[in-house]
Amino acid sequence: MTTTDVVKADAAAGERGLTRKTARRLAWAERTVYAAAGTWAAVGPQMDLPWWAHGAALATGALTGVGLWKRSDTDDWTRRLTSSLRALPVLGWTATYTGGLLVPVFEYPNGWPMLGAAAWTAVMIPMTPWTRSKGLKRAVDNLPVLAGEPEVLDAEPVTFTDHVRALWSQSQATGDTTLEGIRQYDPSEPDFEAIVLAPAGQTVPRTLDERAIAGVFDVPVDAVRTAAVPGYGPGRLAIQVAPRLAETRRIQEALDVEAEEPGAALERIWAEHVNCTGGAAPGVDLVAYAIGEDQIRMRIAAPRGKTLRVDHAALCSALGIDDISRLVMEGAGPREAVVYIYRENPLLHVRAPTKEDLTMDDRGRISIGVAHDGTVARIQLFNFDTGRAQHGITAGTTGAGKSGLMRLFGAAQRISGVISWMADVQGGMSMPEMEGHIDWFAKGPEETMQQLRALHAVKRYREAHSNGRGDFDFNGPWRLIQWTGDEINRLLSSLDQDIRKEAAWMIGDLQKTGQKVGIGIDLAVQSLHLKELGDNHEIREKGKEGHVFLLRTASSSTQGMGLDGIAPIGAHISPIPERIYEGAGAKELFEGTANTEGVPTPGMGWLITEGKATLFRTFVLKKVNGLYPQLQELMDGHPMPTLTEGEARAAGAAYARRGTAAAGSAGKATDGPSRPPQEPGGSSTSSAEPEAATGPQEAASKAREQGAEELAEAPSPTAAAKAKAPTIRERILAALQGHPEGLALREIRTAVGCGTEGGPATRSVNNEVSTLASEGGLVALGKGVYRLP
């Protein structure tokens, strides 16, 4: 061999390393043996023992000496030293024992053998030569020694060429070959080329292939290339070892593949930034994908037994999407979802509606906008399966597009033959184009209250004439009625407590019982907090039964309240920005070229209906001088559905005055909405059967012909309930009728219903009894006993 291998010599068979603890134990054992042997060397020769016993001691020393002589015949000084240390105790003990045996022969004094034995013991115990020989042997074994042909290494390689040659010469795979003509491509990179040269008359071994050469230099196999040297035989081999070039080549090949197959890039990004430790969604697999010109659609899934939870912003960051509105995720169960990525926000440019969009189909649906994937967004006005009208609720802050959505409702209802009643509590400012184009458009809180009372009276009229029917006959004598309240928060949070309670009760009652008689309720609110809904949680819960529109909201709590109880499984509702800025990324901001205008997003939001959540935007209408003439054109040519004659009588004078100047000034004796009469006067139910509709215009004309003066206002349901309910005083007097002996106060409380649902409070009854007694209305017969005078 021409190379020198630096190795560590293995310990001889049977040798053990000496730890400090082991060395101490071995030394104590050795000293104990020396003490016993020294004692025997002093007394043994003086004892009357057989000759062979003394001969064994002498033979032991002789054999030890012969062994030492043989071990000393070597140039290894370490071996001679350790052998001498191990033989020293035996030879010394044998000499002492022999001296004891020679005392009678040479007549030495008897004390000399004992003194010799004591001296040997005193020297051996602290010296412990056997233990020292073990430690010396192990220390020498652990020193670097030269194996193979000795060659002195003066120093480590100081150049790249020396280092490469050293690695080549130290490898057993290279055989007797040498490395010549080494040329490094770049001083800062490890890439180089060289010539493998075999000894004269020999060939480069076949085993010296790319894999073997990669092992010599510890590089990937694809970083090594071999080729024959032009003009020479198999005794030379050209090699290239270029790990940096191989890495660049791999990256370029991956880019080429991704350029030809975009799916490869998507899979790589998903593996490196999403489904990885510390990624946007660890454990979430990319199951399938489809890449189009303007859209990428991906199906993702969480592991079985887990639910899919993906942070929208984190996923956008992982996929390199700056505008989060370009990524939409729709849930498809607890563990799967479909992710849509768009080149630009798909809802920036939405078309205008057509009459076909706003016409109810055979499932009772109308189209109100466009979904992010280009399909139309639909809601139900009537459910033919259950035979019931549909309720809905729309939540969105100022400028989110609530009024625009309500306009589409009104137009679709007229086109579809639905009686449309709309109330703009803001005084008609939100939807002025609806006036005169639907059956009843109420402006301000006063007219809204009149409209609600009339609608409640119509509901009672239909209930009385439904002949026990539990659903609504869509093709029967009555038309479907849809009431829409815009900015209804203003009414439900009114400072007038009685008005606020009455409005909340009527809306809640219409939601609970109006569906069966063909009355649907749509509310548009800025907030879904109970304080803004008249402290009536049923308004919020019942409003979410049909469809929910979540436009841009001012707080996440409103979004949570809108989704509570109806959120589809796996739904991922992302927030709606106020404006969308195209070309306003970090790069543009840094360079000062960012778009500062942005596109507003009114009408953009989430539609939750029929167990699905869909990102959509309402149809866009062109505004001219503050109005939408295109909407009016869509409604023109369609008759305006109205109430039947009987329903119009039940609705009362306010319905007869609708759309006239008198409607706006009726009942404004106070700053707030006027109070209706205490007794109902306009909800006649004398007819046994509902009359057939005689045509929208004819029914309206007949109601107007009666004159507003001949019709009473639709009664307030709460006022009528209060008028019919007996007072606490009346209950107390009625309870004492027929009891001339009187009743105890406890019995009076029981008789008037204290402690029952809807019954008066105990304190109220006690106070009323005391008042009656002081006024002479009751006679006190004793402590706590009263009768009529």
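Looking only at distances, a side-chain donor or acceptor of Gln184 sits under 3.5 Å from a matching main-chain atom of Glu189. Listed for the Ser325 side chain is no donor-acceptor partner under 3.5 Å among the backbone atoms of Asn345. The closest donor-acceptor contact from the side chain of Asn275 to the backbone of Gly283 lies under 3.5 Å.
Atom CZ of Arg211 has 12 or fewer neighbouring heavy atoms from other residues, nucleotides or ligands inside a 6.0 Å radius. Applying the 6.0 Å contact sphere to CZ of Arg297 captures no more than 12 heavy atoms from other residues, nucleotides or ligands. Sparse packing is recorded around CZ of Arg206, with 12 or fewer heavy atoms of other residues, nucleotides or ligands lying under 6.0 Å away. The number of heavy atoms from other shown groups lying within 6.0 Å of CG (Asp186) is above 12. A 6.0 Å sphere centred on CZ of Phe160 holds more than 12 heavy atoms belonging to other residues, nucleotides or ligands. With a 6.0 Å radius and a threshold of 12 heavy atoms from other residues, nucleotides or ligands, Arg165 has its CZ atom above the threshold.
When the side-chain hydrogen bond (donor to acceptor under 3.5 Å, both in side chains) test is applied to Arg183, the partners found at least two apart in sequence or on another chain are Glu193.
Of all non-hydrogen atoms in Gly331 and Ala337, the two that sit nearest each other are CA-CB, 4.0 Å. When every heavy atom of Ala280 is checked against every heavy atom of Ala318, the shortest pair comes out as CB-CB, 3.8 Å. Here the closest non-hydrogen pair linking Tyr289 and Met298 is CB-CG, 4.0 Å. Shown here for Pro577 and Ile580, the closest heavy-atom pair between the two residues is CG-CG1, 4.0 Å. Taking both residues in full, the closest heavy atoms of Val164 and Phe217 are given as CG1-CE2, 3.6 Å, listed atom of the first, atom of the second, then distance.
Note that CG of Leu607 and CG of Leu551 are 10.0 Å apart. Values are rounded to the nearest 0.5 Å. To the nearest 0.5 angstrom, Leu327 atom CG is 9.5 Å from Tyr342 atom OH. Rounding to the nearest 0.5 Å places CD1 of Ile576 at 5.0 Å from CG of Leu615.
Side-chain atoms of Val274 and Ile269, non-hydrogen and from C-beta on, never get closer than 4.5 Å to each other.
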